[in-house]
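Structure record follows, encoded as structure tokens.
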There are 2 protein chains.
Amino acid sequence: MAGNGRPTIKTVAARAGVGRTTVSRVINGSELVSSDARDRVLAAIEELQYVPNSVARGLVTNRTNAVALVIPESESRLGSEPFFAALIRGVSGALAATGTQLQLMLVRDQSERDQLTASLQTRRVDGVLLVSVHAHDRLPGQLDEMGLPTVLAGRRDAQEHLGYVDSDNSGGATQAVGHLLERGRRRIATITGALDMDVGCSRLAGWRTAHRAAGVPADESLIEAGDFTEEGGQQAMRSLLERSPDLDAVFAASDLMAVGALAELRRQGRGVPSDVAVVGFEDSVLARHTNPPLTTVRQPVEELGRTMARILLQEISARTASPATEPASHQQLTLPTELVVREST
Amino acid sequence: MAGNGRPTIKTVAARAGVGRTTVSRVINGSELVSSDARDRVLAAIEELQYVPNSVARGLVTNRTNAVALVIPESESRLGSEPFFAALIRGVSGALAATGTQLQLMLVRDQSERDQLTASLQTRRVDGVLLVSVHAHDRLPGQLDEMGLPTVLAGRRDAQEHLGYVDSDNSGGATQAVGHLLERGRRRIATITGALDMDVGCSRLAGWRTAHRAAGVPADESLIEAGDFTEEGGQQAMRSLLERSPDLDAVFAASDLMAVGALAELRRQGRGVPSDVAVVGFEDSVLARHTNPPLTTVRQPVEELGRTMARILLQEISARTASPATEPASHQQLTLPTELVVREST
DNA sequence: GAGGGCGTTGGGAACGTTCCCAACGCGAGG
DNA sequence: CCTCGCGTTGGGAACGTTCCCAACGCCCTC
């Protein structure tokens with residue numbers, strides 16, 4: 001009985017009148033096959049609609065041709081953060097070209113995060129892309145120990161040793177604040193990102209650098225910590241206005257926080273940019289739709305995703321080529337940013 | 001040499017002084033193990049940090065515990081469409097609870113789409129979630145023939161036979177247009193979605209239904225086809241204003257198109273809602289941030305994703321339970337929508 | 001005291017592929 | 001005519017797991 005299932009390599013071999021190995025060779029593009037045999041095999045494959053079973057293949061090659069993209073959902077909702085969408089697009093694009101699959105892992109809370117290591121241990125992926133890593137995060141270290149190739153979006157701190165791709169956070173921030181200074185603003189507040197992430201620190205550092213470069217003393221009381229969310233941005237703006245009603249500009253470390261700041265400014269009847277100039281960071285879709293349209297620092301998010309994927313694939317093939325000679329210098333790249341001036345400054 | 005790799009089930013068995021099978025039983029929670037043996041096995045697993053190889057498991061069980069989510073990137077950029085982000089969140093949430101992995105497949109163009117069938121054939125996933133399917137799309141049929149459980153987000157047409165989850169598109173649209181009529185608008189235009197998708201047709205149908213219910217004749221010349229994009233919305237608005245300058249309201253079949261319409265209305269100096277009232281569909285994050293904030297029909301996108309995942313998992317386990325008795329009635333669900341009134345009406 | 005049953009156990013086979021290596025055929029060279 | 005070598009070929013083993021089934025030991029019952 002048993003209307004047999006899908007064809008296997010054996011079925012194809014029988015149909016083509018050759019051995020398993022020959023079929024395997026044809027599939028994997030080996031040269032060691034006579035063109036006669038190759039033709040017969042290809043014909044059999046076509047007739048039987050044969051598709052290799054990648055699970056079986058993965059078992060013996062120890063490769064799955066899949067990578068994981070880990071996104072912490074807790075701190076930044078995928079929906080409100082166009083950043084992740086753009087990143088996914090970039091990653092996916094670079095992977096598609098190589099036939100690598102993308103496994104998306106949204107991590108909601110700590111318990112899911114704890115399961116993550118085990119889940120990645122099960123060898124379903126060849127490598128991991130990590131986004132939004134905090135300085136004290138243990139996951140990257142664990143992955144490294146496990147020998148699972150890993151590339152970060154943004155480094156954990158200045159002496160990151162894993163592979164990573166990052167935007168020029170301090171450079172971009174310097175440019176943004178420099179622009180405000182050029183326009184004559186002197187009381188420039190900043191709403192920082194999470195300060196346990198390098199991206200938060202670096203953008204704050206840029207705020208300082210720009211002041212120093214312009215010879216304008218930076219007033220530390222104009223710094224308010226945010227958390228990259230819209231609500232956080234709004235709240236920070238409120239605190240700042242309360243504490244320093246004389247501020248005449250704000251550099252928010254993300255567009256989303258800038259949106260929150262704009263809302264609070266409007267609520268308090270402050271004109272933008274007449275009373276207070278606002279600059280964001282990222283140039284997400286949001287920035288074009290705020291009122292007024294937001295001056296911001298464009299970071300090439302999609303490009304960042306593409307680059308991460310490319311580097312990860314390189315690490316993976318390097319690893320499989322010489323598993324022993326592992327220390328290999330991990331690639332670390334910083335992508336340039338660009339100031340986009342709109343009507344909020 | 002050979003600092004041996006990660007432990008296998010055999011290593012654990014040896015360490016615990018039992019056979020492979022017993023270890024397997026413990027891992028899979030079988031009752032047929034003495035508590036003594038179970039303890040020894042668990043101890044060994046802990047000591048060796050053993051994690052089962054899911055690829056090997058998948059080979060014999062013919063299950064991968066992964067599902068694919070296919071998103072056509074061409075027609076609606078993941079970034080600008082918060083819809084997909086919310087959907088992913090819902091899907092991912094429902095899957096996480098069951099330890100199922102999510103494979104994201106962004107399909108950029110037709111060539112990638114052609115590869116898709118083969119890629120899904122390789123048996124790396126147990127089921128497929130399909131988004132944004134056009135009426136003439138061949139993919140769902142192919143998947144069905146392959147015996148790969150499939151659930152659609154939105155049906156292809158009114159007599160869809162595959163499993164699907166959809167928002168109450170016609171109901172929501174009826175409500176939206178009914179709301180405009182109640183507010184005294186009488187020249188209500190509509191910017192439709194792609195009309196080769198049921199979601200486009202149903203929302204247009206709602207526009208008609210509302211007119212009929214209110215006893216107001218629907219002027220077919222107030223219909224303009226859009227494509228769910230912001231640019232498309234803007235362009236449609238321009239055509240409508242040119243053709244029917246006397247219109248006093250617009251129902252756009254998506255928030256994104258409503259945003260485009262708002263831009264065009266502003267450009268032409270029409271007040272919203274004073275001159276023209278605008279209603280969107282979806283209640284994405286966008287809607288709260290437009291100027292003025294957008295009245296829209298909320299569809300529970302995250303819930304939609306969750307439900308799709310749940311149904312798919314059910315189909316998968318049903319399929320593995322009795323592969324022969326396949327015809328099984330596919331589940332089809334419609335989720336209710338809700339009108340959210342803001343300041344654009 | 002022998003037989004039967006049940007709770008437990010473990011070895012063999014299989015899943016579908018790749019890789020290693022031995023073997024085959026055939027032409028060329030000695 | 002035999003041998004060598006090279007271009008091809010295919011069978012066996014392995015990857016790490018689950019499932020089938022036979023076997024083991026022990027207790028209970030007759």
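So you know, we letter chains A, B, ... as the sequences are listed, proteins then strands, and number each from 1.
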[N] [atom2] sits how many Å from [X] [atom1], rounded?
X	N	atom1	atom2	result
A:L59	D:dT17	CG	P	9 Å
B:R124	C:dG16	CZ	P	17 Å
B:R123	C:dC15	CZ	P	16 Å
A:K10	C:dG16	NZ	P	8 Å
A:N28	C:dT17	CG	C1'	9 Å

N/O donor-acceptor pairs under 3.5 Å from side chains in residues 17-29 of chain A, not counting sequence neighbours:
from, atom 1, to, atom 2, distance (Å)
A:S24, OG, A:N28, ND2, 3.4
A:N28, ND2, A:S24, O, 2.8

Quiz item: Do the non-hydrogen side-chain atoms of A:T100 and A:D126 ever get within less than 4.5 Å of each other?
Solution: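 No, every pair of side-chain atoms sits at 4.5 Å or beyond.
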Exercise. Note the angle between the end axes of the helix from C:dG1-D:dC30 to C:dG30-D:dC1, five pairs defining each, rounded to 10 degrees.
Key: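 End-to-end axis angle for the helix from C:dG1-D:dC30 to C:dG30-D:dC1: 70°, rounded to 10°.
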Quiz item: With the sugar-phosphate defined as primed atoms, P, OP1 and OP2, and the base as all remaining atoms, what B/S/- string results for nucleotides 5-14 of chain C, 5' to 3', for protein heavy atoms under 4.0 Å?
Solution: ---SBBBBB-
Quiz item: Taking only residues two or more places apart in sequence or in another chain, which ones pass salt bridge (Lys or Arg N to Asp or Glu O under 4.0 Å) with A:R310?
Solution: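 Testing A:R310 for salt bridge (Lys or Arg N to Asp or Glu O under 4.0 Å), a comparison that skips the adjacent residues, returns none.
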Quiz prompt | Contacts of A:T117 that satisfy side-chain hydrogen bond (donor to acceptor under 3.5 Å, both in side chains) - sequence neighbours left out | solution =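 side-chain hydrogen bond (donor to acceptor under 3.5 Å, both in side chains) list for A:T117, sorted by chain: A:Q142.
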Practice problem: Would you indicate whether A:E47, at its atom CD, is surrounded by more than 12 heavy atoms from other residues, nucleotides or ligands within a distance under 6.0 Å? | Solution: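 Count over threshold, so yes.
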Ignoring backbone atoms, establish whether [X] has a side-chain N or O less than 4.0 Å from OP1 or OP2 of [N].
X	N	result
A:S24	C:dT18	yes
A:N53	C:dC15	no
B:N62	C:dC15	no

Quiz item: If you round to the nearest 0.5 Å, how far is CE of B:M146 from CZ of B:R123?
Solution: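 These two atoms lie 6.0 Å from each other.
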Self-check item: Backbone N/O of A:L148 and side chain of A:T150: donor-acceptor pair under 3.5 Å
Solution: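 Side chain of A:T150 to backbone of A:L148: a pair is present.
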Exercise. Please identify each residue that fulfils side chain to side chain contact (heavy atoms under 4.5 Å, CB included) with A:L304, with sequence neighbours left out.
Key: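 If we apply the side chain to side chain contact (heavy atoms under 4.5 Å, CB included) test to A:L304, skipping adjacent residues, the hits are A:L87, A:A153, A:V165, A:S167, A:M308, A:L335.
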Practice problem: Give a yes-or-no answer on whether the side chains of B:T64 and A:R124 include a donor-acceptor pair shorter than 3.5 Å. | Solution: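 No.
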